[in-house]
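Take a look at the structure set out below.
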Amino acid sequence: MSNRLKEESSPYLLQHAENPVDWFPWGNEAFEKAEAEDKPVFLSVGYSTCHWCHVMARESFEDPETARILNRYFVCIKVDREERPDIDSVYMSVCQELTGSGGWPMSIFMTAQQQPFYAGTYFPPEARQGMIGFRELLLAIAGRWRDNRTGLLASAEQIVAQLSREEQGTGCPGTEELVRSAVRVLAGSFDRQYGGFGIAPKFPTPHNLLFLLLYARTGTSGEETGQLYRQVGKTLEQMRRGGIFDQIGFGFSRYSTDRYYLVPHFEKMLYDNALLIAAYAAAGKILSQPIFTDTAEKTAEYIRREMMGPAGEFYSAQDADSQGEEGSYYLWQKEEILQILGKERGRKFCRHFGITRQGNFQGKNIPNLLGGGEISDSFEEDLGRLYSYRRSRARLHLDDKVLTSWNSLMISALATLYRVTGKRRYRLEAERAQQFIEKNLVHGDILYVGWRHGARSVKGFLDDYAFYAAALISLYEVTAESGYLDRARQICRQAIYQFGDGDRGGYFLYGRENGKLITRPKETYDGALPCGNSVMAYCFVRLSQIDGEGEWQEEARRQTAFLAGEADRYPAGHCMSLAALLLQRHPPMKITAVLAGGDTREDILPRLPVCGEIRFLEGPGEQYRLFHGRTAYYVCRGHVCLPATDRIPDFSEIEA
């Protein structure tokens, strides 16, 4: 029997549409029912490619006895965290406040007035390893609701009061010392042997790597620059060699469960791969490492093959599980490879990619190059055969909803890759995705969170506006088409109107077009993704530098000052906002190239810097002329312009 989720478009909600649990989507109907029947609400938050969400679903939500308890004593609500980041953010704060940690599936118990009184993540069906069983927990909460509700409600009021306390910080001018503090913290946690920062699990956090690259280009000493480049290079190389990178079909998994980057959590997210494309492309250019550029291109190939829709849109994620087992789609036995490739070629492949009879994970193998094998295309044909074979296995679940924020990240990544390689297809793919957003996820200046099968979801949140404005600026920087810049200005003005917090500074996660929750978060911490406030700072800084004096300069000053006050508590958790501060203090170059006959922008782009505004002119004009009949370059930085030249300048000297 289907429940109310059958009418939803979210893949995650639809996964639960046939549960015996009487699920509601988030909305007034559920809370009105809870109030009318005097029941507490059970809120379950997850996403469609979440492994432990699947486990709890199989163990509890598909179990008739557990469903009977839930339906009798609770009103049950399912939420897709990717469609409703506002709900996820508010109640994840509750979970972290009550338990000291968070994650998905997130389990919240609350009143009909949305006030939470108990929280957790995954619960097993019966008690084990010190964890309470889910059925036992449900009956205990139902009993307390009946016999000691006063205590529960007092707990709920305390939690809401704690979360609702006013922001204490008022912002402060950003300082170079704040930036250096973040660099020192990251350096102190750097894993010299295996790359990355901190201990397992290791998340890629590519925006931290981009921050380090940017800092190294803005006037550090030669010794410090070398140290930063080694940290970034070691991390990127180790990830490229490890199992976190799919050596067969390309693309990156969500994170590494160990310090070596060998065993990943196998789900693949669009946002991770978009950010990693940008980081690898930028590092390939800055560090003169073609293998990093190649990694960015291979990751873009994966996205094109498996995550791109027919109109150029990008889907959200691929599951870690197939046939109920995490990672089984990606694992290999040595005999299997020998059979596909033949003994002679198969043995060479296995030696190169660390494939053994005993295996390196649960008796099977995750292909990797951690043993020191050369990163090259020498096994390209073999990889193609194994990829085709793997596609015949049980297919991975694809979350095919199209999210504005994550598609915007992919647009920015492709613009960066176009800039580094000069390959026109990346620009065209970025522009197609932008056109899809304008056609399907925008109404006037109002953005929507997502789209699936012709239907839009709820109106957008701060991240949607910030990431889309950044994508438009990225397109402008590589095309110089004013329409992208005009649209970025419109989107930023709408974000200011919807989400701005007036004199106190910063931007709320949800705005005037969204419904109200028990608190209104203002996220400033950069996690697996940079937060919307950080990206808004970046957009304001770049608009102020492109437009010159005016409204954006003041917005940039206010936003970077607000974020500097937040970052002072833990600078290394605010790398994207500190990158915006660095750009504000050290403006990137503006380059005008006047093309002579025979030269194209695609030929010249890979020889230009990876950051800054580039304009191409197809022949001379009144202000910009050829250099003795040859392509001329006009370079400006800050308030200083260099003489025109026909030779591409040494940009490393200009940037220092």
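No experiment lies behind these values; they were computed from the predicted model shown. FYI, side chains are in, hydrogens and waters are out, and symmetry mates aren't considered; it's all heavy atoms of this structure.
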| said: Given 3.5 Å as the limit, does a donor-acceptor pair link the side chain of S316 with the main chain of K401, or not? | reply: yes
Exercise. Step by step, work out the side-chain contact (heavy atoms from CB on, under 4.5 Å) result for I244 and L262.
Key: CA-CA 6 Å; I244 191 173; L262 172 62; over 6 Å; no
Hey, are the side chains of Q434 and Y468 touching, using non-hydrogen atoms and a 4.5 Å cut-off? yes
**Request:** Using distance alone, with no hydrogens and no angle criterion, decide if Y418 and E602 have a side-chain donor and acceptor under 3.5 Å apart.
**Result:** yes
Note: F250 and R305 closest approach over all heavy atoms is CD1-NH2, 3.6 Å
Testing the 3.5 Å rule here: is there a donor-acceptor pair between the side chains of S9 and R452?
no
ask   = Just by distance, do the side chain of D526 and the backbone of M576 share a donor-acceptor pair under 3.5 Å?
value = yes
So, D319 and R395, do they make that salt bridge, N to O below 4.0 Å?
-> no
* **Exam field: side chain D258 to backbone V263, donor-acceptor pair closer than 3.5 Å** => yes
Note: H352 and E374 closest approach over all heavy atoms is NE2-O, 2.9 Å
ask   = Going by atom types alone, do S48 and D399 pair a side-chain donor with an acceptor below 3.5 Å?
value = yes
Check your understanding: Judged by atom type as modelled, is there a donor-acceptor pair below 3.5 Å linking the side chain of D246 to the main-chain atoms of G251?
Key -> no
Discussion item. Please determine whether a side-chain nitrogen of the Lys or Arg among E431 and R427 lies less than 4.0 Å from a carboxylate oxygen of the Asp or Glu.
Written reply: yes
Heavy-atom nearest pair, A300 first then L417, reads CB-CD2, 3.8 Å
Quiz item: Should we count CZ of R192 as having more than 12 external heavy atoms under 6.0 Å?
Solution: no
- Task: May I ask you to check whether S10 and D80 show a side-chain donor-acceptor distance below 3.5 Å?
- Result: yes
Discussion item. Pairing donors with acceptors under 3.5 angstrom, does anything connect the side chains of Y229 and Q289?
Written reply: no
Open item on the list: Check this for me: R424, atom CZ, are more than 12 non-hydrogen atoms of other residues, nucleotides or ligands nearer than 6.0 Å?
Closed with: no
Review point. Checking ring-ring contact (aromatic ring centres under 6.0 Å, His included) for the pair Y12/H16: CA distance, chi angles, key distance, verdict?
Key: CA-CA 7 Å; Y12 177 62; H16 296 269; 5.0 Å; yes
(Q) Test your reading of the model: is there a side-chain donor-acceptor pair from R385 to the backbone of I340, 3.5 Å cut-off? (A) yes
- Query: In terms of ring plane angle, is the pair F42 and F61 parallel, tilted or perpendicular, where the classes change at 30° and 60°?
  - Reply: tilted
* Do Y315 and M308 touch side chain to side chain, with heavy atoms closer than 4.5 Å? -> no
In this structure, CZ of F24 is separated from CG of L13 (nearest 0.5 Å) by 13.5 Å
Discussion item. Quick one about E326 and H54 (side-chain donor to acceptor, distance below 3.5 Å, no hydrogens or angles considered), yes or no?
Written reply: no
Check your understanding: Are any side-chain N or O atoms of D294 and backbone N or O atoms of P290, one a donor and one an acceptor, separated by less than 3.5 Å?
Key -> no
Checking ring-ring contact (aromatic ring centres under 6.0 Å, His included) for the pair F461/F467: CA distance, chi angles, key distance, verdict? CA-CA 10 Å; F461 302 101; F467 292 5; over 10 Å; no
Side chains of Y330 and Q247: do they bring a donor and an acceptor to under 3.5 Å?
no
In short, E65 meets R135 closest at the heavy-atom pair CG-CD, 4.1 Å
Practice item. Validate the cation-pi geometry between K234 and Y194: distance from NZ or CZ to the six-membered ring centre under 6.0 Å, angle to the ring axis within 45°. Key: no
_The test is side chain to side chain donor-acceptor pair (under 3.5 Å); show your working for Q96 and S101 and say whether it passes._
CA-CA 5 Å; Q96 291 168 338; S101 63; over 6 Å; no
How far apart are the C-alpha atoms of F379 and F349, what are their side-chain angles, what is the distance that settles it, and do they pass the ring-ring contact (aromatic ring centres under 6.0 Å, His included) test?
CA-CA 7 Å; F379 289 90; F349 184 93; 5.8 Å; yes
- [ ] Decide whether a cation-pi geometry holds between R81 and W104; the criteria are a distance under 6.0 Å from NZ or CZ to the six-membered ring centre and an angle within 45° of the ring axis.
- [x] yes
Short question: side chain of S89, backbone of P85 - any donor-acceptor pair under 3.5 Å? no
S534 side chain vs P530 backbone, donor-acceptor pair below 3.5 Å: no
Nearest heavy-atom contact between K78 and S44 is NZ-OG, 2.7 Å
Check: When you look at CD of E335, are more than 12 heavy atoms from neighbouring residues, nucleotides or ligands closer to it than 6.0 Å?
Finding: yes
Parallel, tilted or perpendicular: ring planes of F203 versus Y255, cut at 30 and 60 degrees:
tilted
Just so I know, are the side chains of V449 and R456 near enough to count as touching, which here means a heavy-atom distance under 4.5 Å? no
Q. Take atom CD in E301; do more than 12 heavy atoms of anything else shown fall under 6.0 Å from it?
A. yes
Distance-only side-chain donor-acceptor flag, E82 / Y271, under 3.5 Å
no
Pairing donors with acceptors under 3.5 angstrom, does anything connect the side chains of Y426 and E297? yes
>> Side chains of H51 and F266, heavy atoms from C-beta outward: is any pair under 4.5 Å?
In response: no
Quick check: do L369 and F353 have side-chain heavy atoms less than 4.5 Å from each other? yes
**Asked** Any side-chain heavy-atom pair from F197 and T235 closer than 4.5 angstrom?
**Response** yes
### Task
Report yes or no: does E313 contribute a side-chain atom to a donor-acceptor pair with the main-chain N or O of A311 at less than 3.5 Å?
yes
Measure from NZ or CZ of R393 to the centre of the six-membered ring of W332, then state whether that distance is under 6.0 Å and the direction lies within 45° of the axis.
-> yes
- Side-chain contact test, heavy atoms from C-beta onward, threshold under 4.5 Å: evaluate it for F123 versus S107 and give yes or no. yes
Any sub-3.5 Å donor-acceptor pair from N3's side-chain atoms to V21's backbone N or O? yes
Any side-chain donor-acceptor pair under 3.5 Å between S253 and E267? no
Notebook entry, point to check: Hey, are T600 and D603 close enough side-chain-wise for a donor-acceptor pair under 3.5 Å?
Noted result: yes
With the side chain counted from C-beta on, respond yes when K202 and Y261 share a heavy-atom pair under 4.5 Å apart, and no when they do not.
yes
